[in-house]
Peer 1: 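Got a structure here, written out as structure tokens. Questions coming.
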Amino acid sequence: MQIFSFSPFGYEGSLVTVEVDLRRGIPAVDIVGLADGAVKESRERMRSAIRNCGFEFPLERVLISLSPADLKKEGAGFDLAVALGVLYASEGAAGRFNSQVLETEDILIMGELELCGNVRAVRGIHAAVTTAAASGISYCIVPAANATEAREVNGVKVFGAENLSQAFDALQNKDLFTSKNSLGQQQPDSEEYEVIEGVEFEKEIPGMEYTDVSNQLELIRGLQIAAAGGHNLMAFGPPGCGKTLSLQRFPGLLPLLTVEEAQPVTRIYSLAGMLKLRDSLVRTPPFRMPHQTASIEGICGGGPNCRPGEISLAHNGVLFLDEAAEFKTSVLQMLRVPIESGSITLSRAGRSTVYPARFQLLLATNPCPCGNYGSDSKLCLCSARAVENYWNKFSGPLLDRIDIRVNVSLPCSQETDDSTPQKISTTQLRIPIARAVNIQRKRQGIKNAQLDPQAISRFCITEKEAQEYLDEQAAKNDFSPRAVASCLKLGRTIADMEQSRLIGIEHIREAVFYRKLEGGIA
């Protein structure tokens with residue numbers, strides 16, 4: 001039997017072989033293999049845990065090797081593997097270990113030990129089990145609190161240990177290991193989720209209802225299209241017009257992630273230590289809303305272990321930058337490459353890692369520093385230079401990657417006629433979104449916003465009149481090739497919402513409207 005543990009670094013991490021040798025000499029415990037302080041301290045935790053669980057700690061000299069030797073080992077997740085390695089060596093030597101049960105199997109073991117022998121939860125379990133499964137390891141012992149996330153990995157049998165004694169017993173009994181299928185875990189509880197047009201949505205939760213947003217149908221329509229096709233969106237307008245209120249409710253429009261989409265999200269949150277205890281797959285799309293003071297490392301990720309940043313935590317979800325112009329220019333410009341590539345490469349101390357970062361960007365900003373530029377009822381005190389510098393923070397290449405731009409005005413204070421509805425519920429908004437999402441999943445497997453030029457020519461088929469209108473508007477508004485492709489993808493999403501095979505002129509007309517508004521930004 002070979003015992004493995006896991007050293008998290010970046011998105012990938014590495015399996016670590018745990019070897020124990022008992023030899024004659026003055027009783028002591030030596031750990032080799034480039035271990036940090038937390039790993040070296042496991043000697044004392046392990047010694048106390050073994051004795052407090054009723055086992056005898058070997059009186060020989062104990063050598064513990066963590067390999068590969070040139071890989072730095074960090075964290076307390078090695079405690080359980082080291083302790084079981086010592087028990088396996090000592091009890092096996094004394095003939096008290098049934099070595100025939102798992103003798104031919106490799107096993108992954110992770111967990112932090114308390115002095116009493118209880119096993120504490122650690123981060124990175126989902127990533128560790130996924131890596132182990134890819135290496136052909138099919139048995140895992142993890143903390144009981146992390147067992148649910150570990151069982152989400154197919155092809156792996158897991159034992160969730162409450163304490164060291166249970167973990168040691170599991171080494172001698174294959175029947176204690178279970179998988180997700182053997183526990184009979186099925187689809188999410190129908191009381192928490194609902195199905196619309198074959199697409200799962202989380203049941204409405206307080207704070208996500210769009211009937212609370214009055215007289216902003218243009219913005220809400222833009223958000224609906226963005227949710228249906230995964231398009232980036234910018235809303236700009238004076239303070240108090242409802243930009244932030246509307247964009248914060250955007251998660252209510254998003255369908256649940258598929259199992260394939262949820263796997264990398266769960267891995268990222270596991271590595272970041274942000275999975276809730278006894279949680280399984282992260283099926284709810286992430287919605288990240290960093291503060292304007294966030295550093296470039298906080299947004300893109302970094303640190304000694306290359307921890308994930310906000311753009312990776314928003315993978316397959318949404319990154320919402322409120323008061324976007326108040327973010328550092330370097331932070332805003334850094335977003336350009338991940339938006340295009342869907343990933344980010346981090347390099348630290350001679351090592352590098354690639355995090356997925358396929359996020360949907362939402363921006364909300366004022367039209368000028370004081371917020372009153374273009375208002376009919378308020379006076380703007382900003383100079384032309386101040387307004388220009390304010391918008392220069394975004395840069396043309398970044399704005400060119402924003403598919404939908406909405407100029408939000410202050411809602412009219414007077415009550416509107418009852419015959420003209422000015423509100424729409426979240427449930428009503430979800431129906432066309434579900435239609436579009438279902439079509440996209442069956443047709444190309446990705447969102448329309450992620451289509452590359454070859455996929456655009458294949459799937460974004462327009463009527464002749466619609467293509468002529470797009471060519472005319474592209475010449476009139478000086479659209480870049482990316483802007484033309486953006487209009488086609490927007491038109492494809494709008495057509496999908498109406499279950500239309502071809503992109504008609506009305507679809508393209510609305511797409512061009514949201515790409516460039518009168519009085520808006522180019």
Side-chain angles (χ1 to χ4, degrees), residues 1-9 13-23 25-92 97 106-125 127-129 131-132 140-146 150 159-171 270-271 273 304-305:
M1 179 177 66
Q2 183 67 66
I3 295 177
F4 290 88
S5 192
F6 182 77
S7 178
F9 178 86
S14 303
L15 290 177
V16 174
T17 304
V18 180
E19 298 174 296
V20 177
D21 179 56
L22 304 181
R23 62 193 192 280
I26 299 174
V29 179
D30 298 317
I31 298 180
V32 297
L34 209 59
D36 74 344
V39 178
K40 290 180 179 179
E41 290 172 354
S42 68
R43 292 177 296 189
E44 308 307 321
R45 293 192 295 271
M46 170 196 65
R47 191 193 305 268
S48 297
I50 288 176
R51 288 175 175 170
N52 290 331
C53 286
F55 298 101
E56 293 183 5
F57 194 84
L59 297 178
E60 294 91 345
R61 193 172 187 88
V62 180
L63 175 62
I64 300 168
S65 174
L66 306 177
S67 58
D70 60 347
L71 177 69
K72 189 174 183 180
K73 323 301 188 304
E74 299 176 323
F78 294 91
D79 289 5
L80 185 59
V82 169
L84 289 178
V86 171
L87 289 176
Y88 175 65
S90 62
E91 296 293 313
F97 187 84
D106 292 336
I107 186 167
L108 173 75
I109 302 174
M110 284 192 72
E112 178 184 347
L113 285 175
E114 297 179 0
L115 299 184
C116 64
N118 290 338
V119 182
R120 297 172 63 96
V122 294
R123 67 180 180 90
I125 291 294
V129 178
T131 304
C140 300
I141 297 178
V142 301
N146 298 119
F159 177 76
E162 295 280 358
N163 53 56
L164 179 59
S165 298
Q166 292 182 2
F168 182 72
D169 292 339
L171 285 181
S270 175
L271 288 166
N305 292 329

Peer 1: Atom CD1 of I125 and atom CG of L108: how far apart are they, to the nearest 0.5 Å?
Peer 2: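 Interatomic distance, I125 CD1 to L108 CG, rounded to 0.5 Å: 7.0 Å.
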Peer 1: Which pairs, with at least one residue in residues 106-125 and sequence neighbours excluded, count as a ring pair (Phe, Tyr, Trp, His ring centres under 6.0 Å)?
Peer 2: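 Matches after skipping sequence neighbours: none remain.
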Peer 1: Once you round to the nearest 0.5 Å, how far does CE of M110 lie from CG of N146?
Peer 2: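 So the gap between those two atoms works out to 8.0 Å.
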Peer 1: With a 4.5 Å cut-off on side-chain heavy atoms, are V20 and Y88 touching?
Peer 2: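 Result no, sub-4.5 Å side-chain heavy-atom pair not found.
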Peer 1: Can you list, pair by pair, the side-chain donor-acceptor contacts under 3.5 Å of residues 25-40, counting residues two or more places apart and other chains?
Peer 2:
residue : atom : partner : partner atom : Å
D30     : OD2  : R61     : NE           : 3.3
D30     : OD2  : R61     : NH2          : 3.3
D36     : OD1  : A38     : N            : 3.3
D36     : OD1  : V39     : N            : 3.0

Peer 1: Rounded to the nearest 0.5 Å, how far apart are CD1 of I50 and CZ of F55?
Peer 2: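 If we round to the nearest 0.5 Å, I50:CD1 and F55:CZ are 8.5 Å apart.
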Peer 1: Counting heavy atoms not belonging to R47, are there more than 12 under 6.0 Å from its CZ?
Peer 2: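 Yes, CZ of R47 has more than 12 neighbouring heavy atoms, counting only those of other groups under 6.0 Å.
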Peer 1: Could you check whether any side-chain heavy atom of N305 comes within less than 4.5 Å of a side-chain heavy atom of P8, counting everything from C-beta outward?
Peer 2: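 Counting from C-beta outward, N305 and P8 never come under 4.5 Å.
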Peer 1: Which is it for L15 and F6 under the side-chain contact (heavy atoms from CB on, under 4.5 Å) test, yes or no, and what are the steps along the way?
Peer 2: CA-CA 5 Å; L15 290 177; F6 182 77; 4.2 Å; yes
Peer 1: Name all residues meeting the salt bridge (Lys or Arg N to Asp or Glu O under 4.0 Å) criterion together with R123; count only those two or more places apart in sequence or in a different chain, and write none if there are none.
Peer 2: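 Salt bridge (Lys or Arg N to Asp or Glu O under 4.0 Å) list for R123, sorted by chain: empty.
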Peer 1: Which residues pass the side chain to side chain donor-acceptor pair (under 3.5 Å) test with S165, sequence neighbours left out?
Peer 2: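 Residues passing side chain to side chain donor-acceptor pair (under 3.5 Å) with S165: none at all.
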Peer 1: I would like to know whether F159 and Q166 meet side-chain contact (heavy atoms from CB on, under 4.5 Å); could you show each step before the answer?
Peer 2: CA-CA 9 Å; F159 177 76; Q166 292 182 2; 3.9 Å; yes
Peer 1: Check the pair V122, L80 against side-chain contact (heavy atoms from CB on, under 4.5 Å), reporting the backbone distance first and the verdict last.
Peer 2: CA-CA 11 Å; V122 294; L80 185 59; over 6 Å; no
Peer 1: Are S90 and L22 packed together at the side-chain level, in the sense that at least one heavy-atom pair is separated by less than 4.5 angstrom?
Peer 2: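 Yes - at least one pair of side-chain heavy atoms lies under 4.5 Å apart.
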Peer 1: Return the set of residues passing salt bridge (Lys or Arg N to Asp or Glu O under 4.0 Å) with E60 (not counting sequence neighbours), or none when no residue passes.
Peer 2: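 Salt bridge (Lys or Arg N to Asp or Glu O under 4.0 Å) check on E60 returns nothing, list empty.
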Peer 1: Who pairs with S42 by side chain to side chain donor-acceptor pair (under 3.5 Å), at least two apart in sequence or on another chain?
Peer 2: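 None.
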Peer 1: Under the side chain to side chain contact (heavy atoms under 4.5 Å, CB included) test against L113, which residue among V119, V82, N163 passes?
Peer 2: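 Among the candidates, only V119 passes.
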Peer 1: Ignoring hydrogens and geometry, is there a side-chain-to-backbone donor-acceptor pair from S7 to K73 under 3.5 Å?
Peer 2: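 Side chain of S7 to backbone of K73, a donor-acceptor pair under 3.5 Å: no, none is there.
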Peer 1: Rounded to the nearest 0.5 Å, what separates atom OG1 in T17 from atom CZ in F4?
Peer 2: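 Going from OG1 on T17 over to CZ on F4, the span is 4.0 Å.
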Peer 1: Can you find a pair of side-chain heavy atoms, one from S67 and one from E19, that are under 4.5 Å apart?
Peer 2: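 Answer yes - side chains close enough.
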